[in-house]
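Quick note on labels: first sequence line is chain A, next is B, and so on, each numbered from 1. The basis for the numbers below is simple: all heavy atoms, side chains too, and nothing from hydrogens, waters or symmetry mates.
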Amino acid sequence: MAAKPIEGEQRAFMTGNEVVAWAALAAGADIMYGYPITPQNEIMHYWTRMAPRYDRGFLQTEDEISAGFTTVGGVLAGKRAFTATAGPGNVLMQEAMSMAEMMRLPTVVVVTQRGGPSTATVIYSQQELNLTCFGGNGEGLRIVYSTSSHQDLFNYTIKAFNTAWKYRFPTFVLGDGYQSKMREPVTIYDPATRGIVMEECRPMVGLPGIAGIDREPAHLRNTYNLEDELYDRLTASIKDYQAMIPEVVEWEACAVDDDEILVIAHGVVSRAARAAVDSLREAGIKAGYFRPITLRPFPEEALQPLAARAQRILVVESAHGQLERQVRASLYGLETPVSGYLRPGMGITPEEIIGAVQQTLRS
Amino acid sequence: MALAAQPQMPRVWRAETKPHKFCPGCGHGIILKALGEAIDALGIQERTIFGCDIGCSLLSWDFFNLDTIQTHHGRTTPVLVGIKRVRPELVVVSYMGDGGAYAIGAQHLVSSAVRNDLVTIIVVNNTQYGMTGGQMAPTTLPGQKTETTPYGRDVKLTGRPILGPELVAAVAPPGAYVARGSIANVVQLKNFIQKGLLNQIEGRGIAFIEALSACPTNWRTNAAETWRFIEKEMAAYFPTGELRTPGEAKNGQAGEGTPGAPEH
Amino acid sequence: MPLNIKIALAGEGGQGVQSVAEILTEAAYRAGHQALYIPNFGVEQRGGVSVAFVQVSEQPVSAPKFTTGDIVVALSYRAVERVKQYTGAATTLVYDASLEEEVREVYGDQPRKLAVPALEIAQKEMHPRVFNVIILGVLVGLTGFLKQQEVKEALERQFGHKFARDPSLRDLNYRALERGYQLGSRRGAK
Ligand SMILES: Cc1ncc(C[n+]2csc(CCOP(=O)(O)OP(=O)(O)O)c2C)c(N)n1
Ligand code: SF4
Ligand SMILES: [Mg+2]
């Protein structure tokens, strides 16, 4: 067998796309299927350069529909398969992911959000939250990790494989074009050195023995004849999903003991929110900070008491209310007023958030 | 016992799910029998993965004693290619309708052909969309009436029927196996499918077999009319025979596997 | 004051703006600082002005891009106009001396300006290729958070393979760095 891609721990200064490729290697991903789209491309570029050294595969498909379905094939065969996409590619990806949702297939997709709708920009946004959490004709039975830094990208790409294979729901790492293209420090590591055990990958087809003689055949389908059949199948999945929530849900909060205004942000914007809250505290303004890390499942239970304690809530995002809608839905019935600083497709700085907080407190 | 009632059932068929779910007189069952016999003849039950599309092919999701994946409309080939890339020891069969292959999944077909993916594709040509109730398909014959061409297919507006094997033969590299068979000649069809499986097993390239099939339900034909339509009208437009065999070098479009040369 | 500096660099594609940003941030990172660098990238990347956003600080950097830079560098005619949005009252505008007229037109009497004759030096005394290394030197001198040795090591990492083929390149780059450093630190000390 080829040597480990990363021995022990290493500090590095690299782009987010490179981080994802390293993380997938470190996680033992067997194959990447992909179709070019900015800002995801360099994940494929780094992967195709490094993968052959470690006996890992790659297939460039004819489009994202095919990238999604070949990834589905890879996991059915019992391999840690993944793909990466963005924007219009994420739209096409949803077809295969809805099949993965129905058939409980542990696919991993890295999404590097770009501007939307349509082709929009190749640069950045947080506008793929709805699509990634709820895309496809289903119930959003997926896990979506929203990363904010290169360290997150590394940690959660590895984690995504484990969550996917443990719980058998399609799992997404939701980054963005800024994280893809920027360089910042990161510690990359062999998961084993941190006590991370990679979940075993069991094939769902191509099992040992002759089907019908030594064992039952695996007959896997996503089509049902009757309402009741579908309902039973979905009810079982939804039950599994709900049982999983406490084990999977993640969030981060600070300065929330006495806050008058709670600032909520996810992904790369949460860094600016955190910095803004620190500055506001220094200036004597009682601001608090909350960041959902899993957008699906959403950390409702953690957020509710914090939201109840605060007097105002300000949701900050590079989209027009996609996070805000999740927040409002989680807090339904609570009287704390919610407002948004919404900048679809635009980066957000701490100074802007400070201004928005001050304005919210004045209004 | 089902087994006793159908003595000539291929071994790889799953007796528990017979009789099958296709309409009486449907061609799907005949094609799946040819496939079953080919799998039996090659002794590859233990390592064959069967993938079926959305369309009437989906009714075969529990048809065989084979690990089976029923996928999405047009997406069966990519799923199987995904499997084959990581488990090359398996033999993967992509089974779908003409709508799945030539309309919604055409890009996958062309791309797999160009890549010479090691997959055996079987396309059931019944000249329309069976499962959704008989709409026009890319294969609908000129003048043929369907639910969406109630006055007959007007080729000026909707084009001429696609020649799938000819298309694959034109783009696939050497090593490909391409043929068109018919339920009107089951021995030949089984032979084509078996060669197509062998082509994959021996790692030569893609195998593509179109099978002319019957859909009496949507054609609204009796037995005699059904056979006449297949053997006269369809056969006139869609010539059966081998278009590409891996032994022959591909030189331009002409030369090998003359389309239309009957095999008997 | 703890180190916290934001630099926006802009120039034409091929002027080496992005490698200046990369070398600077990589050296800062190796010297133990927090650093973040992001290029602008759009569909018009090839024809447009190339912009790099650099941040170096003691605290982890928050947002990847910023609205106002502490230092803004304009290296071409079009860049002068392009970087106006990143300049505030406290910003030091660094530009190539050949752009004097354009800068006066766009910025009027912006108080903090530093014209460096990098183009002229590169062309007349050194080699057009080291134009961006002179700029790198200017920034190192102006900001003072890196030792020259640290930058040399960063250059080595970036261009080591070229130096190996032609050792005279190393000397050329070091001289360019030194010249820039002199230009920048003279101003930085003021
Ligand atoms: C994305 C998508 N579009 C449309 C359909 C509806 N649909 C189901 S089967 C079918 C046509 C099947 O025709 P064909 O592939 O020729 O197979 P046949 O039933 O004739 O064997 C269509 C359009 C679908 N399932 N998915
Ligand atoms: S509708 Fe046509 S193709 Fe479908 S099962 Fe019936 S006869 Fe066969
Ligand atoms: Mg059909």
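When side chains are defined from C-beta on, A:His150 does not count as touching C:Leu36, because their heavy atoms never get closer than 4.5 Å.
The 12-atom threshold is exceeded at NZ of C:Lys152, counting heavy atoms of other residues, nucleotides or ligands nearer than 6.0 Å. At most 12 heavy atoms of other shown residues, nucleotides or ligands fall within 6.0 angstrom of atom OH in C:Tyr77. With a 6.0 Å radius and a threshold of 12 heavy atoms from other residues, nucleotides or ligands, C:Gln59 has its CD atom at or below the threshold. Within a 6.0 Å sphere centred on CD of A:Gln359, other residues, nucleotides and ligands contribute 12 heavy atoms or fewer. Under a cut-off of 6.0 angstrom, the local environment of CD in C:Gln149 is crowded, with over 12 non-hydrogen atoms contributed by other residues, nucleotides or ligands. By the neighbour-count criterion of 12 heavy atoms within 6.0 Å, atom NZ of C:Lys84 is densely surrounded, having more than that number from other residues, nucleotides or ligands. For A:His45, the NE2 atom is densely surrounded, since the number of other residues' heavy atoms within 6.0 Å is greater than 12. Annotation for A:Met346: atom CE does not count as buried by contact number, only 12 or fewer foreign heavy atoms lying within 6.0 Å.
Within the 4.5 angstrom heavy-atom criterion, atoms from both the backbone and the side chain of A:Thr349 approach chain C. Both the backbone and the side chain of A:Arg11 come within less than 4.5 Å of a heavy atom in chain C.
Taking every heavy atom of both residues into account, C:Phe41 and A:Gly177 meet most closely at CZ-O, 3.7 Å. Nearest heavy-atom pair, A:Arg271 versus C:Val61, reported as atom, atom and distance to 0.1 Å: NH2-O, 2.7 Å.
Interface remark: of the candidates A:Glu184, A:Glu351, A:Arg274, A:Glu184 forms the most heavy-atom pairs closer than 4.5 Å to chain C. Options C:Ala63, C:Pro60, C:Pro64 differ in how many heavy-atom pairs under 4.5 Å they form with chain A, and the most are formed by C:Pro64. Across A:Tyr124, A:Tyr178, A:Phe13, the residue that shares the most heavy-atom pairs under 4.5 angstrom with chain C is A:Phe13.
Separation of atoms CZ (C:Phe53) and NZ (A:Lys181) is listed at 14.5 Å; rounding is to 0.5 Å. Atom CD1 of residue A:Ile348 and atom OG of residue C:Ser62 lie 12.0 Å apart, to the nearest 0.5 angstrom.
Interface with chain C: from residues 84-93 of chain A, no residue qualifies, criterion being any non-hydrogen pair under 4.5 Å. Taking 4.5 Å as the heavy-atom cut-off, the residues of residues 21-29 of chain C that approach chain A are C:Glu22, C:Thr25, C:Glu26, C:Tyr29, ordered by number.
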